[in-house]
Each structure stands twice: as C-alpha cells, then as structure tokens.
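Positions are given from 1, in the same order as the sequence printed here. Order of appearance sets the numbers: ligands from 1, and atoms from 1 within every ligand.
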Amino acid sequence: MTDETVRFGVLCSMFEAMVRDRSAAKKRKRFRTLLDRVYTGRDYFSAVRLILPALDRERCSYGLKESALAAALVDALGLAKDSPDALRLVNWRKGGARSGANAGNFALVAAEVLQRRQGMASGGLTIKELNDALDQLASKENREGKTAVLSGLIKKTNALEMKWILMIILKDLKLGISEKSIFHEFHADAEDLFNVTCDLKLVCEKLKDRSQRHKRQDIEVGKAVRPQLALRVTDAATAWRKLHGKHVVVECKFDGDRIQIHKNGEEIHFFSRNFLDHPEYKHGMLNVILRNITVERCILDGEMLVWDTSTQRFAEFGSNQEIAKAAREGLESDRQLCYVAFDILYVGDTSVIHQSLTERHDLLRKVVKPLKGRLEILTPNGGLNDRRLQGEPCWSIVAYTVEDVERFFKETIENRDEGIVLKDLGSKWEPGDRSGKWLKLKPDYIHAGADLDVLIIGGYFGSGRRGGEVAQFLVGLAVRSDSTSCPKRFVSFCRVGTGLSDEELDTLITKLKPYFRKNEYPKKVPPFYEVTNNSKERPDVWIDSPDKSVILSITSDIRTIKSEVFAAPYSLRFPRIHRVRYDKPWHECLDVQSFVDLVHSSNGN
Ligand code: ATP
C-alpha cells in the first residue's frame with residue numbers, strides 16, 4: 001500500500017480498539033502494529049499528525065470550537081435550525097437523545113446524530129484525502145467555506161469515521177494514552193527532539209529509523225521550545241517539603257500569556273505555550289525589543305501582559321489581543337503591551353538552559369534593559385522588584401522558611417493576583433518538564449455546593465494597586481429571630497476581595513460609597529453588627545446600615561475553618577466573590593444557623 005491508498009478507516013479501527021483496551025501497553029502495541037504493518041518505511045507524519053492533532057503545527061488553526069462546529073454541521077447536514085437533531089448538536093453539553101448520555105462530549109453527541117443520517121458504509125476516504133480536506137478546512141475563512149468542506153467529508157465517510165474526524169478537528173482524541181507513550185513507542189528520542197523543536201514533521205522525518213539513536217539536539221533561536229511547566233501543589237507546606245534543602249525563589253504568578261521571545265537580529269518571534277507564533281505582538285513590542293535587548297540573538301521566557309499607564313498597574317487577564325490590535329491600528333490608549341521576562345534560555349550563540357536559575361537571572365539582568373511598563377524583568381533583585389513603589393508588595397522573594405512562602409502567598413492573593421510559582425534556584429531549565437522543579441500554588445475555589453449569599457457590612461482599603469480605595473469587604477451572616485421579620489443583627493463572617501473584575505469592583509464601590517462610615521477612633525461598632533475584639537477583623541469603613549448594603553455570592557475552598565477572628569463560629573478559607581446580587585434584597589442573606597447546618601452536613605455530622 002502506498003500513502004495515497006491507506007484508508008482513514010484503518011486508523012479509526014485502531015482508535016476504537018485503543019479506547020476499549022485497558023492497559024497502556026496494549027494501546028502502544030496497536031500503534032506499533034500500525035507503524036510496522038501499515039506504514040512501514042512511509043510518510044509517518046501523515047498518520048502521526050492525526051493521532052497527535054494538538055501537536056501539529058503545519059496547519060493553522062481551524063477556528064472551530066464545539067459551538068462553531070455544531071453550527072457548521074447543522075448546515076452541512078441540511079438540518080432545520082429548530083429540528084431536534086440541530087438542537088441536540090447546539091446543546092451538546094446537555095447530552096444526546098439517550099437521556100443525557102454523552103453529555104459534554106461533542107463528538108459522541110454528533111455521532112448519534114450522524115448515525116441516523118450516514119449509515120454504516122464507509123466512502124473509502126484515504127488518509128491523504130483527509131489531510132488535504134483538513135488543510136482546506138483550515139484555509140477557509142468563513143462559515144460557508146468550512147461547511148462545504150465538512151459536507152464533502154460527510155459524503156465520503158460513515159458516522160464512526162466522522163466522529164473521529166470531529167475529534168481530530170477539536171484536537172482531543174481521548175484515547176487514554178499519553179502523548180509521551182506515543183512518542184516513546186515511535187522512537188526513544190522522539191519526545192526530546194519534539195521538546196526542543198516543537199516540530200512534529202521534523203520528528204517523524206528525522207527519526208524514521210528506530211534502530212538509530214539521535215544525537216541530543218539543543219534549542220535553537222527561531223524554533224519554539226516546549227515550555228517548562230509548573231506542578232500544582234495544594235499548600236505552602238507541601239511545596240516547601242518538595243523543595244526541601246533547595247535554594248528557593250518564590251515569584252508572583254502573572255496572569256497573562258506565556259510567551260517565548262526569540263530574537264535573531266531584527267527577526268523576532270513570539271511563541272505561545274502551544275508553539276504558535278504571534279506576530280501581532282510585534283506592533284507594540286518590536287522597537288522596545290530592538291532597543292532594550294543588548295545582544296543580537298537570544299531567547300527570553302516570560303509572560304505577555306497589559307500595563308495600564310493611568311493606574312500604573314497590570315491590567316487583568318484577557319485584553320492582550322485587543323491591545324495588540326489597537327497598537328497595530330495606531331490607536332491612542334492608556335494601555336500597552338508589557339512583557340515580563342522571568343527567564344532566559346539562549347544568549348549570543350549558546351543555549352544557557354543548563355546553567356542554574358541564579359546564573360540565568362544574572363544573564364537576564366545583563367541582557368535586558370528594563371523599560372517601565374513595556375519590558376520588565378523578574379529576578380529577586382533588580383527590575384520590577386527594585387522599582388516598586390513604597391508600600392507595594394514584592395513580585396518575588398528568596399524564601400528561607402515555609403512562613404516566608406505563606407506570607408508571600410497571602411500577600412499575592414490579597415493583591416488579587418493569581419497565585420505563586422516556586423522555583424529551585426539551582427535548577428536548569430528543562431523543555432516540557434512538569435516534574436516539580438517549578439511548583440505553582442493557587443487558591444482552590446470549589447463551590448461549596450451552592451454559593452453563599454452574604455451581606456457586606458464593612459470595607460478594607462487596599463494597598464499597592466488599590467491603595468486608598470476599598471478593595472476588600474467584611475461580610476456578615478444574619479441572626480434571625482423569627483422567619484418572618486427582617487433580621488436586625490449580623491455577625492461578621494469573613495473577609496473577601498478576589499473574584500470581581502476591576503470594573504465590577506468599581507461599580508460596587510460607587511454604589512456603596514455614600515454609606516461608608518469611617519471606623520474612627522474610638523472604634524464604635526454600629527449597633528447592627530456583632531464582631532469580636534480581634535483587631536484583624538476591624539474594617540476601615542462600616543456600612544451605615546444593613547438595608548443600604550448589597551449581597552455578595554461567595555464561593556470558597558470547601559474547607560471551612562473554626563473562626564477565631566470573626567464572630568461567626570466558622571469562616572471560609574480563600575473565599576472568592578462569584579457575583580454581586582443586586583437583584584436580591586439585603587434581608588434575604590444567609591443566616592448563621594443555616595450556615596452552621598451546612599457545615600455540619602458537609603462534614604457528615
Ligand atoms: P495555569 O492555567 O495555572 O496557568 P498552565 O498549565 O497554563 O497553568 P503551568 O506551567 O502549569 O501552566 O503554570 C505555570 C504558568 O504560569 C506558566 O505557563 C506561565 O504562563 C504562568 N506564569 C506566570 N508567572 C510565572 C512565573 N513567574 N514563572 C513561571 N510561570 C509563570
């Protein structure tokens with residue numbers, strides 16, 4: 001058989017069998033059989049790119065997530081928009097006809113619909129034809145074009161093949177075998193080579209012969225490197241134990257886009273976490289990179305963010321593309337792209353990933369001249385840390401005890417940042433590694449069943465980013481005397497600040513501001529509120545009276561804590577505002593007894 005004639009049905013049979021196989025060894029064996037019996041000596045890439053679609057960079061993005069794919073399929077199948085099958089596709093999260101079976105798996109729901117229309121007979125689609133059609137699908141810009149390609153595919157396939165094609169388009173085959181195992185089965189050096197080149201085609205071509213070992217290749221400027229990743233830990237103590245005896249730096253986890261900047265003279269690439277180049281960042285960043293990076297060739301690792309020049313702080317996640325577009329169109333704005341480099345991988349003509357992080361920090365300081373709000377560096381000293389305003393929190397610290405880590409974590413969360421990353425200062429940078437040289441700690445927000453609707457009774461001023469403005473709230477639970485009248489007393493419950501966007505927070509503060517009463521000395525608590533004597537609890541402002549206040553829906557880490565600080569018997573760990581309930585009257589907030597019952601029932605008491 002030549003490549004031209006290998007049927008896609010052969011791959012589908014392998015996929016179906018892999019899904020049924022219990023052990024990874026069996027799944028690997030099937031892949032090996034495909035390579036040896038069907039594909040031996042041929043263009044492996046044409047099949048491997050369909051097995052690992054998320055790693056294929058030869059085709060650009062299809063621009064089709066489930067909802068767009070549902071709409072395109074409805075058109076391609078000629079379904080009426082309000083027909084049961086069209087609704088099934090559009091509402092794929094709710095599941096198919098079989099009472100919610102397959103809910104949340106778009107390809108399975110689609111397969112149910114397709115089965116009724118396509119029948120069992122395969123149209124004999126070959127792998128080459130499928131790859132050509134997928135190229136076409138990626139190249140079409142509008143929905144009509146994409147629909148036409150899908151219609152063509154539907155004619156040449158049966159429902160089972162079409163199901164797998166949809167999974168390939170969505171880039172997740174759910175085969176229950178890791179990409180690592182596929183690589184290992186392909187060639188002993190495949191994963192390593194992929195990690196330093198992010199080029200699946202090159203891996204398939206260079207490593208055709210399994211008996212030949214490949215000389216370890218180093219990273220190159222201009223070829224994306226698989227980023228080093230962080231292992232998630234649940235608390236500071238676990239993180240500290242894992243890094244026992246190491247020299248540790250703890251950094252703020254910036255919430256932007258992970259970007260590698262590759263500079264080769266005037267040629268600049270911005271590779272994302274998925275190895276895609278983002279030339280749109282050139283508009284805001286090119287000049288500053290050319291002027292402020294002092295070497296001809298280098299690779300920086302870091303986070304692309306947006307800096308707001310009016311507030312002098314980083315903007316929230318989500319506006320990178322909008323700001324890049326504004327820069328391309330030359331629009332005036334208070335916001336600009338700002339790159340924070342936290343690592344350096346290549347300098348001049350040498351890879352430096354084998355050096356320690358401390359040495360790489362030194363190099364970073366030599367190579368990059370920071371420019372405020374444009375190009376920053378994150379090292380324990382220098383750059384961002386040296387230029388922070390008085391009273392602002394640090395962006396990274398060298399930690400000597402677990403308490404240092406806990407304090408830093410608490411500060412970053414209070415400052416409404418995403419979390420922290422801990423790194424061993426003696427470690428090298430490893431492409432694609434998530435084995436625990438970097439650890440990330442983020443608060444866990446688990447819905448405690450339902451959200452808790454609590455009343456704002458006071459406010460705390462923020463520091464740094466929100467200095468002088470209320471940035472956190474003291475919330476309370478109602479004490480009910482009977483079930484019919486409005487509550488007259490509220491006990492303090494917890495302090496909460498994270499969860500709202502800056503805009504939502506500003507709207508809320510504007511609404512409450514007329515009712516803020518400064519908590520001046522001697523500290524008098526308004527008669528409606530019950531608090532303890534603990535000074536940590538005292539807000540900077542009180543809400544004049546509860547009927548002027550607003551309910552917040554909060555979620556939290558499921559673990560409640562016995563409260564020593566607040567008047568309620570329990571408080572929440574890492575509470576987070578889910579939304580502001582302007583629609584709910586103040587007196588309908590949660591009461592103490594209902595909350596205590598909730599805690600007891602979730603503890604199984
Ligand atoms: P997440 O959704 O938690 O960001 P992820 O899977 O995208 O996870 P991880 O490697 O697990 O990525 O977490 C680290 C990510 O955090 C990096 O990919 C990077 O984008 C981001 N980040 C922000 N600040 C830092 C920092 N100081 N050091 C390393 N990574 C950082």
Side-chain angles (χ1 to χ4, degrees), residues 54-55 171-172 178-179 195 198 224-234 238-239 242-243 248-261 270-276 278 281 299-307 313-318 320 337-345 353 356-358 360-361 364-365 368 370 375-385 388 393-399 405 408-409 411-413 415-425 427-446 498 574 576:
L55 304 187
K171 299 182 188 284
D172 184 5
S178 66
E179 150 210 315
N195 281 347
C198 296
V225 191
R226 205 141 200 226
Q228 164 139 9
L229 297 171
L231 183 75
R232 187 169 188 146
V233 285
T234 50
T238 312
K242 280 190 186 287
L243 291 171
V248 176
V249 64
V250 192
E251 299 177 347
C252 170
K253 187 171 188 302
F254 289 94
D255 199 5
D257 275 338
R258 176 85 176 266
I259 292 286
Q260 270 167 31
I261 294 185
F270 299 86
F271 291 118
S272 69
R273 193 179 176 305
N274 303 329
F275 354 114
L276 286 175
H278 286 261
Y281 287 142
I299 303 177
L300 302 180
D301 185 14
E303 200 82 356
M304 187 66 83
L305 297 147
V306 167
W307 176 257
R313 61 192 194 207
F314 290 108
E316 277 164 31
F317 176 73
N320 282 16
L337 289 170
C338 175
Y339 185 73
V340 178
F342 51 67
D343 217 318
I344 186 160
L345 316 183
I353 58 176
S356 72
L357 179 55
T358 302
R360 298 198 308 276
H361 279 159
L364 200 52
R365 280 193 297 271
V368 179
L375 180 63
E376 301 281 5
I377 55 173
L378 180 65
T379 59
N381 45 50
L384 267 179
N385 272 328
R388 69 187 198 279
C394 298
W395 297 102
S396 67
I397 58 159
V398 175
V405 180
F408 186 70
F409 180 53
E411 268 173 30
T412 43
I413 299 308
N415 199 38
R416 297 156 46 80
D417 286 313
E418 202 200 351
I420 56 174
V421 185
L422 295 95
K423 298 174 183 172
D424 168 5
L425 278 164
S427 66
K428 54 185 184 182
W429 194 98
E430 271 199 47
D433 178 83
R434 203 201 278 271
S435 68
K437 290 187 189 69
W438 291 5
L439 301 173
K440 66 176 167 182
L441 179 55
K442 296 200 277 190
D444 235 340
Y445 304 120
I446 305 167
T498 49
F574 302 131
R576 179 180 171 89

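The shortest N or O to N or O distance between Phe254 and ligand 1 is under 3.5 Å. The shortest N/O to N/O separation between Trp438 and ligand 1 does not fall below 3.5 Å. The shortest N or O to N or O distance between Cys252 and ligand 1 is under 3.5 Å.
Ranking protein heavy atoms by distance to atom 25 (C) of ligand 1, first place goes to Phe342 CE2, 3.5 Å. Residue, atom and distance of the protein heavy atom nearest to atom 20 (O) of ligand 1 are Glu303 OE1, 2.8 Å. With hydrogens left out, the protein atom closest to atom 2 (O) of ligand 1 is Lys442 NZ, 3.8 Å, a heavy atom. Nearest protein heavy-atom neighbour of atom 10 (O) of ligand 1: Ala230 N, 2.9 Å. The protein atom (non-hydrogen) at minimum distance from atom 17 (C) of ligand 1 is Arg258 NH1, 3.3 Å.
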Checking side chain to side chain donor-acceptor pair (under 3.5 Å) for the pair Asn385/Ser396: CA distance, chi angles, key distance, verdict?
CA-CA 7 Å; Asn385 272 328; Ser396 67; 2.8 Å; yes

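Side chains of Leu55 and Lys171 form no contact here, defined as non-hydrogen atoms less than 4.5 Å apart. Using a 4.5 Å heavy-atom threshold, the side chains of Val250 and Phe409 count as separate. In this structure, Ile353 and Pro431 have side chains that are in contact, with non-hydrogen atoms separated by less than 4.5 Å. Within the 4.5 Å cutoff, side-chain heavy atoms of Leu357 are placed close to those of Asp343. Lys253 has its side chain out of reach of Thr412: every pair of non-hydrogen atoms, C-beta onward, lies at least 4.5 Å apart.
Remark: side-chain polar atoms of Arg365 are not paired, donor with acceptor, to backbone N or O of Ile377 under 3.5 angstrom. Under the 3.5 Å distance criterion, the side-chain polar atoms of Arg434 are matched with a main-chain donor or acceptor of Ala230.
Atom numbering of ligand 1 starts at 1 in the shown order; those under 4.0 Å from a heavy atom of Leu229 are 10 (O). The distance from ligand 1 to the heavy atoms of Lys423 drops below 4.0 Å at these ligand atoms: 26 (C), 28 (N), 29 (C).
Only the side chain of Leu378 comes within contact range of ligand 1, with a heavy atom under 4.0 Å; no backbone atom does. Residue-level proximity to ligand 1 for Arg232 is absent, since no heavy atom of it falls below 4.0 angstrom. Contact annotation: for Lys440 versus ligand 1, heavy atoms closer than 4.0 Å belong to the side chain alone.
Summarising the contacts of atom 14 (C) of ligand 1 with Arg273, Gln228, Lys253, Glu251, the nearest heavy atom is found in Lys253.
Ion pairing between a basic and an acidic side chain is recognised when a charged N comes within 4.0 Å of a carboxylate O; Asp433 and Arg226 show no such pairing.
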